[in-house]
Amino acid sequence: MSGLTRRGRARAQLGILLGPVSLFLSIFLAGPLIIMMIYSFLAPGLYGGVEWTFYPHNFGRILGFADPEFEIYDPVYISIFFRSLRIAVTTVLITLLICYPAAFQISRLSDRWKAFALFLITLPFFASLIVRLFIWILILKKTGFINTALESLGWIDHPLEMIYTDGAVILGMVYIFIPFMFLPVYASVEKLDWTLVRASQDLGANGFQTFWRVIFPLTLPGVAGGSIIVFIPALGNFVVPAVLGGAKSLMLGNLIEQQFLAARNWPFGAALSMLVMAIVLILLFIYIHHETRRDDDAPAAG
Amino acid sequence: MRLARILGSSGLTFYTLIFFAFIYVPIGLIVIYSFNADPVNMMRWSGFTFDWYKQIFGLKNAASEAALYIESTDQLLAAVRTSLIVAASTTMVATVLGTAAALAVYRFSFFGKRFYRVLLFVPMLMPDIVLGIALLIFFVGVGISLGIGTIIIGQCTFLISYVFIVVSARLAGMDRTLENASADLGADEWTTFRKIILPQVMPGVVGGAMLAFIISMDDLVITYFVSGTSTQTLPIFIFGMLRRGIKPEVNAIAVMMLLFSFTIAAAGLYLHRRKR
């Protein structure tokens, strides 16, 4: 050790600290992602294998240039893609509508109650996801809590069809993603400068104007952050539609799962998840770009 | 004006109550109905029973006499055991690697440091299904047989990130002057690390480890893809039950799981608050 220079020793320490984690992540994170990328351009072989030839038609099956030898283009995949997009966006909007007013109310509580409220909101995040979804089966199914209650009250004759619908999928996702949306939104609501709100009111703005031109823009970073954090797991979700959705509520996640565990067309499954990853990366890129620009602007504005 | 404000604020208070009701009433319902005696329709109350809890702990009761549910108890216990083994292993690996990475990024300046910070966020933001199938393709392609080992590796890829972020947050709030003082007083680097840095960073490490443990116990998607056919963790077991059709003892299992994770999370959050 004594022979080493100070610089050399620092380098050795850095190597010990960072070496194992770099090795681990390059083998088990970067490696698999690169292999998946390659797979998405390979031809599906018989019985679930792959053939090592360049084959762009995995993406073609989705986007409109299917392999002319074997099939004619079927828009079913692109329509599943748009369905997933629609369900994910709806989930984001509903979660936001639920969390936004609650964040305002909770930010104005006394410190003690505030801490307790935040505790109550964070707690479900740690509870098993599958259990929280299972609860909604019991509530929504034909012989579930709501139907049983409404029938015993005599309000309905036939059980309502609630489970195995798009609505149930959205409800399930909203329920599990509330903490994801609430915390970022709350962080920006908490920082909101109320003197600006008062100034706006003094200058004669009505409630809507104050909200739309002062409050909302100031809380936008939290809204955007929360929306992205909810959108990402919602888009490729396969657990919620598998548990609460019906055969008709297929989402991208279920389609990907089918390719791997049932249809055994791995390259096509890889192509589908490349699509999910691409959308997520584009969104993140836009978000980070805006955030850094906001940071750059801040000193000049203040 | 004043009246409107009072009405507005009480309206909001009412709203907040509904907000919390939406989160907690379903949880309350499942706890109540886990004591429901009705074996066919779980949501029609027909008397109080502990049967389902006895059932999951392997005790005899009317239902197990009828030999309807026996097979699942052994599977359940095996799934719990697998989950605990996986969670303990991943927590250990992810805590060591994540903490090391956080220390490296905190103490040293090196080429590619910014890159590392971003890189360590990637697994958290990656949709879990993408990571899950990438790992599946990788393991099958390389020829590693799926099982408990691949589950541990798969979970570590994203748990490292969680530990890294929790420990980094702790390090960022640390007092650097103490480190300098220790060096000025003649302590060598190792002593400074052991006596100054380690005690300060420890709460972050413990917090990161607890978070990793809870998330590992709960992970469904990545585990689902890399677990193979013969290994089941607890969430996978329940997921399978839900897809096949629900039996009343799932209620009791669910309540036990809620109790377990709420206890750990509440303890963790409490410790976290007290430390600050």
Side-chain angles (χ1 to χ4, degrees), chain A residues 10 13-14 17-18 20-21 24-25 28-29 31-33 35-36 39 98 101-102 104-106 115 119-124 126-132 134-139 143-145 148 175 178 232-233 235-239 242-243 253 256-257 260 266 269-270 273 276-277 280 284, chain B residues 12-13 15-16 19-20 22-24 26-27 29-30 33 41-44 97-98 100-101 103-104 108 110 116 119 122-123 125-131 133-138 141 153 156-157 160 214 218 220-221 225 235 238-239 242-243 246 250 254 257-258 261-262 264-266 269 273:
Chain A
Q13 286 172 345
L14 183 63
L17 288 176
L18 219 47
V21 70
F24 187 92
L25 289 180
F28 295 118
L29 179 67
L33 289 174
I35 292 176
M36 182 182 79
Y39 253 63
I98 290 177
F104 271 90
Q105 184 64 22
I106 288 165
F119 171 74
L120 284 182
I121 291 165
T122 330
L123 200 56
F126 297 104
S128 168
L129 176 121
I130 193 75
V131 166
R132 280 181 292 155
F134 162 65
I135 297 175
W136 285 101
I137 299 183
L138 294 184
I139 294 174
T143 53
F145 180 75
T148 313
Y175 187 69
I178 277 183
I232 291 174
L235 181 67
N237 207 299
F238 97 95
V239 179
V243 172
I256 294 174
E257 187 219 355
F260 279 88
W266 287 26
S273 50
V276 174
M277 193 165 81
V280 167
L284 282 176
Chain B
L12 268 177
T13 311
Y15 175 79
T16 312
F19 176 75
F20 281 111
F22 177 58
I23 299 178
Y24 281 98
I27 294 176
L29 277 179
I30 195 181
Y33 279 89
N41 184 350
M42 280 173 265
M43 299 313 275
R44 192 178 50 213
L97 294 181
L103 282 171
F108 298 100
F110 53 92
Y116 263 94
L119 182 77
V122 169
L125 293 169
M126 184 80 61
D128 41 12
I129 190 161
V130 173
L131 201 53
I133 69 144
L135 284 161
L136 173 65
I137 295 175
F138 174 79
I153 292 173
C156 279
T157 54
I160 290 172
I214 291 184
D218 186 35
L220 179 61
V221 177
F225 283 104
I238 296 176
F239 188 50
L242 297 191
R243 281 184 150 185
I246 310 158
V250 184
M257 284 174 76
L258 285 175
S261 39
F262 278 178
I264 293 187
L269 291 171
R273 271 244 302 286

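Quick note on labels: first sequence line is chain A, next is B, and so on, each numbered from 1.
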Completion exercise
Whatever's closer than 4.5 Å to a heavy atom in chain B on A:Leu138 counts as both

Handout entry: Closest approach of B:Ala254 to A:Val131 (non-hydrogen atoms, all atoms of both residues)
Key = CB-CG1, 3.7 Å

Exercise for the section: Please report the shortest heavy-atom distance between B:Ile133 and A:Ser273, naming the atom on each side. Expected result: CD1-OG, 2.8 Å

Problem - Part of A:Leu129 within contact of chain B (heavy atom distance under 4.5 Å) - result: both

Exercise for the section: Under 4.5 Å heavy-atom distance to chain B, tell me which part of A:Phe134 shows up: side chain, backbone, both or neither. Expected result: both

Fill in the blank from the handout: Minimal heavy-atom distance between A:Ile130 and B:Leu220, with the atoms involved, is CD1-CD2, 3.9 Å

Completion exercise
Residue set satisfying side-chain contact (heavy atoms from CB on, under 4.5 Å) with A:Pro124, at least two apart, ordered chain then number -> A:Arg132, B:Ile23, B:Tyr24

Problem - Which atoms of A:Pro20 approach chain B - backbone, side chain, both or neither, heavy atom under 4.5 Å - result: both

Handout entry: Point-to-point distance, once rounded to the nearest 0.5 Å, from CG of A:Leu120 to CZ of B:Phe20
Key = 5.5 Å

Problem - A:Phe24 portion near chain B, given a 4.5 angstrom heavy-atom threshold - result: side chain

Completion exercise
When every non-hydrogen atom of B:Ala134 is compared with those of A:Pro32, the smallest separation belongs to O-CB, 3.4 Å

Handout entry: Aromatic ring pairing B:Phe225/A:Phe238, orientation class (parallel under 30°, perpendicular over 60°, tilted between)
Key = tilted

Handout entry: A:Asn237: partners by side chain to side chain donor-acceptor pair (under 3.5 Å), with sequence neighbours left out
Key = none

Practice task
Would you mind checking which part of A:Leu25 comes under 4.5 Å of any heavy atom in chain B, side chain (CB onward), backbone (N, CA, C, O), both or neither?
Solution key: side chain

Exercise for the section: Give the minimum heavy-atom separation between B:Ser261 and A:Ser128, together with the two atoms involved. Expected result: OG-N, 4.0 Å

Completion exercise
In short, B:Ala100 meets A:Leu17 closest at the heavy-atom pair CB-O, 3.2 Å

Handout entry: Geometric class of the B:Phe22/A:Trp136 ring pair [parallel <30°, tilted 30-60°, perpendicular >60°]
Key = tilted

Fill in the blank from the handout: Here the gap from B:Ile160 atom CD1 to A:Leu29 atom CG, rounded to the nearest 0.5 Å, amounts to 9.0 Å

Completion exercise
So, the part of A:Leu284 with a heavy atom under 4.5 Å from chain B: the answer is side chain

Exercise for the section: Mind running ring pair (Phe, Tyr, Trp, His ring centres under 6.0 Å) on A:Phe104 and B:Tyr15 for me, showing each step along the way? Expected result: CA-CA 11 Å; A:Phe104 271 90; B:Tyr15 175 79; over 10 Å; no

Problem - Interchain contact, A:Ile256 with chain B, by part (heavy-atom threshold 4.5 Å) - result: side chain

Completion exercise
Value for CD1 (A:Ile135) from CD1 (B:Ile30), rounded to nearest 0.5 Å, stands at 4.5 Å

Handout entry: Under 4.5 Å from any heavy atom of chain A - which part of B:Ile153
Key = both

